[in-house]
Trainee: 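Sharing a structure below in structure tokens format, with a few things to ask.
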Amino acid sequence: MDVTPILDGLNDAQRQAVTAPSEPALVIAGAGSGKTRVLVHRAAWLIDVEGVSPQSLLAVTFTNKAAAEMRGRIEALLKVPVQHLWIGTFHGLAHRMLRRHWREAGLPQNFQIIDSDDQLRLLKRLLKSQQADESRWVAKEVQWFINGQKDEGLRPRHIDDDGDPNRRQLISFYESYEEICQRGGLVDFAELLLRAHEILRDNAELLAHYRRRFQHLLVDEFQDTNAIQYAWLRLLAGDTGVPFVVGDDDQSIYRWRGARVEHIHRFQADFPGTRIVKLEQNYRSTQTILNAANAVIENNSSRMGKKLWTEGSDGEPIKVYSAYNERDEADFVIGRLRDWIAQGNVRADAAVLYRSNAQSRVLEEALINARIPYRVYGGLRFFERAEIKDALAYLRLTSNRDDDSSFERVVNKPTRGIGARTVEMMRAYARANACSLWRAAGAIASDDLNGRAANAVNAFVSLIERMARETRSLDLHDKVDHVIHLSTLVELFKKDKGEKGETRIENLAELVSAAKGFEPDPAQEMSPLDEFLSHAALEAGEGQADAWEDCVQLMTMHSAKGLEFPLVFMCGMEDGLFPHQRSVADPDGLEEERRLCYVGITRAMQTLYITHAEQRRLHGMDNYSQASRFIAEIPSEHVEEIRPRVQVARPMRSSEASRRSSATTSAANELGVRLGQQVRHKKFGDGVILNYEGQGAHARVEVNFETAGTKWLVLSYANLDLM
Ligand code: ATP
Ligand code: MG
């Protein structure tokens, strides 16, 4: 019997890590070997056995969801809630620090966070206002430059232009951008980190305070920290703090965002005497899946080198499906998901992974058609939807009139007669007087505008004032509700015909529910509204609307990091898509793609499907691709190729259907249809049968009509003429 249940369910190496003395430690281990588990147990161990106050712990995870999970697990181990434990993402923790020390940070108390979309708009406006040559300066590239510099901890004055006029211009954009943000109290994601670092670096008292406070710094997914995150950590640790970091060099997948796997080596140099713990036993996946992962990652040259193994079973082979096109691929996934659900499995245990976000649309459509609930994890985010951002912009203005990006967003939405010319005048005034658009509006309405325009601007100003006044003493959700009401956004979207407008109105309603369900943290020294707005910006999408429903999980391979699922599909495994086209020629880029593939494979616990399509329409273009080279890197003894079981002669279109499993063949045959068969429909005209499913009254066929496109029809209603 152990001294404490905290050590139950850990192997020897894991225990060694969990109970290590208070010295810097680096747990470097492969996927699924229990790194995150070790971190959780370490926190509980420190609190329960070493008697460390939860206040003295700082834990960093990769997503807000992971942070919530980690807190839950620590509390479960301790059997009591832990308050005052700082746990979150680097961004979340930096934000928390800035809220507390806004003065030291040189920010207004009600500073607002802007997401990358807001940032991009702001930059577009900036380029325009400076009359930058559009053919030379692309807002996205300027954004990339600015964030890249911030990730390295650099302000414009730190950057050398190397005598390069191009670079000089970028630095100057960065400078102007900074001014605008400072004026409006706007803070982008990279800025959160940079400023959190600067306030500690430049403020000896504050630094001393936090160094005293945070004795133990626990970090998950350490391989993906960027320069500024690492610098912040190192500063906080000083000579007395005890960093305890876990990571896997083979899972470093954010180099493109400034992450540096070299921090693993740097750490050992910066913290001499670092204790290194290696874990190799895997508790997640079957041996077959591990063999595949080991074989793929072995093709990378720069790695520390580890081999995963399990005491568990070999499990089933990895199944590779070669689809005709992306729709056929989606249909295949749906078929297998259906089987899986029919076997009584939980939908949330199945994940569909893809390389690029745009791939989700076809999969989503297929899931919707099949009525399988799904959730896009970290994808299309609730708080990023246009109508939500409109409502939030009004709310943000009630809290901070100087928020230029919100001002621009809704000053004429719904239209209220404030034209582009008036807005341009406000911008000019704001530039000339280094003030916000709000102030500019007030000034030009009384001096420069004609009667009609002035009235329109005044109406907007009084609308915002009214919103602020009438909601001052309301509860958060009533506030949100009332601001939406006064904004007349609902009336605006009612004019959108069809589903789109309806969805938008539903989403606005959902925002009120989100506010209702929102629990402000009393430890955060800010108003519930400001906290909610920050939450909206920070947590966008991580907890999607219908979080309670059992859903299949869709996500990019990047977002899947740290997660595990009994059933995993890796879709779109084609050269050019994965590995991504832009990485194929660059050896470092290719290695990063391979690590991403390793991350994908090691998410699977029992069953792994890999699919690729011969032809894929993506971003409106047709591509014809080879199967990904990563598939060929998996030894064939671990792979089972799934081949079409129904053979029909080409015509091309019907070959797509021929790849379907045979499960539905007999049922459809009873109905007397066959793949590739010509049919005629009264309304849609001539077509060819691509696919069929279901039985009896439920039997449906997919027909590609020459003019009407592809449709699913219920056979018993469709009245098809079979030819
Ligand atoms: P990743 O690299 O993907 O983040 P990880 O190293 O963080 O993985 P965990 O997620 O902590 O791995 O653990 C993988 C799975 O193995 C989890 O389900 C965990 O509960 C389980 N596990 C880890 N260690 C043990 C153990 N000693 N006994 C039983 N199960 C374990
Ligand atoms: Mg982990």
Side-chain angles (χ1 to χ4, degrees), residues 2 5-19 25-45 59-63 65-74 76-77 87 89 218-225 244-254 259 261 264 277-287 289-290 292-294 296-297 303-304 306-313 315 346 348-349 351 353 553 555 557-568 570 595-606 608:
D2 282 315
I6 287 168
L7 296 180
D8 289 352
L10 297 176
N11 66 30
D12 284 346
Q14 291 171 334
R15 278 180 197 207
Q16 203 193 50
V18 167
T19 61
L26 172 63
V27 178
I28 190 79
S33 59
K35 293 183 297 298
T36 304
R37 189 176 174 110
V38 160
L39 211 65
V40 166
H41 285 252
R42 171 76 174 172
W45 169 268
V60 188
T61 61
F62 209 70
T63 61
K65 190 171 175 232
E69 236 170 69
M70 188 174 283
R71 181 185 292 276
R73 288 206 224 157
I74 296 172
L77 279 174
I87 180 164
T89 61
L218 311 177
V219 185
D220 200 1
E221 307 277 4
F222 179 69
Q223 75 280 359
D224 275 326
T225 48
F244 184 99
V245 307
V246 310
D248 177 4
D249 58 316
D250 288 335
Q251 293 187 71
S252 163
I253 53 174
Y254 283 98
V261 67
I264 292 181
V277 182
K278 286 196 172 177
L279 310 173
E280 288 198 314
Q281 183 171 359
N282 175 292
Y283 291 89
R284 177 182 292 152
S285 312
T286 64
Q287 189 63 53
I289 290 168
L290 296 180
N294 285 333
V296 168
I297 200 68
R303 54 189 296 258
M304 298 171 88
K306 321 174 224 71
K307 241 193 168 92
L308 294 171
W309 59 275
T310 175
E311 279 178 352
S313 70
V346 178
D349 281 350
L353 312 183
Q553 312 284 313
M555 68 193 83
M557 311 247 178
H558 278 100
S559 327
K561 197 169 75 153
L563 306 178
E564 58 189 22
F565 304 91
L567 172 65
V568 169
M570 292 170 76
R595 290 192 291 270
L596 186 58
C597 181
Y598 172 82
V599 168
I601 295 173
T602 54
R603 299 309 96 198
M605 299 164 80
Q606 293 151 20
L608 175 62

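Residue numbers run from 1 in the order of the sequence given. Counting convention: from 1, in listed order, for ligands and their atoms alike. This is a predicted model, so every value here is computed, not measured.
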Trainee: Taking atom types as modelled and ignoring hydrogens, do the side chains of Q16 and Q14 form a donor-acceptor contact shorter than 3.5 angstrom?
Mentor: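 No.
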Trainee: Would you please name every residue forming a salt bridge (Lys or Arg N to Asp or Glu O under 4.0 Å) with K35, sequence neighbours left out?
Mentor: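 With sequence neighbours excluded, K35 shows a salt bridge (Lys or Arg N to Asp or Glu O under 4.0 Å) to no residue whatsoever.
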Trainee: Does Y254 have any ring-ring contact (aromatic ring centres under 6.0 Å, His included) partners at least two apart in sequence or in another chain, and if so, which?
Mentor: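 F62, W256, H558.
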Trainee: Looking only at atom types and distance, does a side-chain atom of Q223 sit under 3.5 Å from a main-chain N or O of D248, one as donor and one as acceptor?
Mentor: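 Yes.
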Trainee: Do any N or O atoms from the side chain of R37 and from the backbone of G9 form a donor-acceptor pair under 3.5 angstrom?
Mentor: yes
Trainee: Kindly tell me which protein residues have any non-hydrogen atom under 4.0 angstrom away from an atom of ligand 1, grouped by chain and ordered by number?
Mentor: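 Around ligand 1, where the cutoff is 4.0 Å for heavy atoms, the contacting residues are G9, L10, N11, Q14, G30, A31, G32, S33, G34, K35, T36, R37, E221, Q251, Y283, R284, G562, E564, R603.
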Trainee: Which atoms form the tightest heavy-atom contact between A59 and M70, and what is the distance?
Mentor: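 Minimum heavy-atom contact is CB-SD, 4.4 Å.
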Trainee: Using a cut-off of 2.8 Å, count how many protein N, O or S atoms are strictly closer to the Mg ion (ligand 2).
Mentor: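 That number is 1, waters not included.
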Trainee: Main chain of D249, side chain of S252: is a donor-acceptor contact present, judged purely on distance under 3.5 Å?
Mentor: no
Trainee: Tell me the closest heavy-atom pair linking K561 and I253, and the distance in Å.
Mentor: CD-CD1, 3.8 Å
Trainee: Do N294 side-chain atoms and L308 backbone N/O form a donor-acceptor pair below 3.5 Å?
Mentor: yes
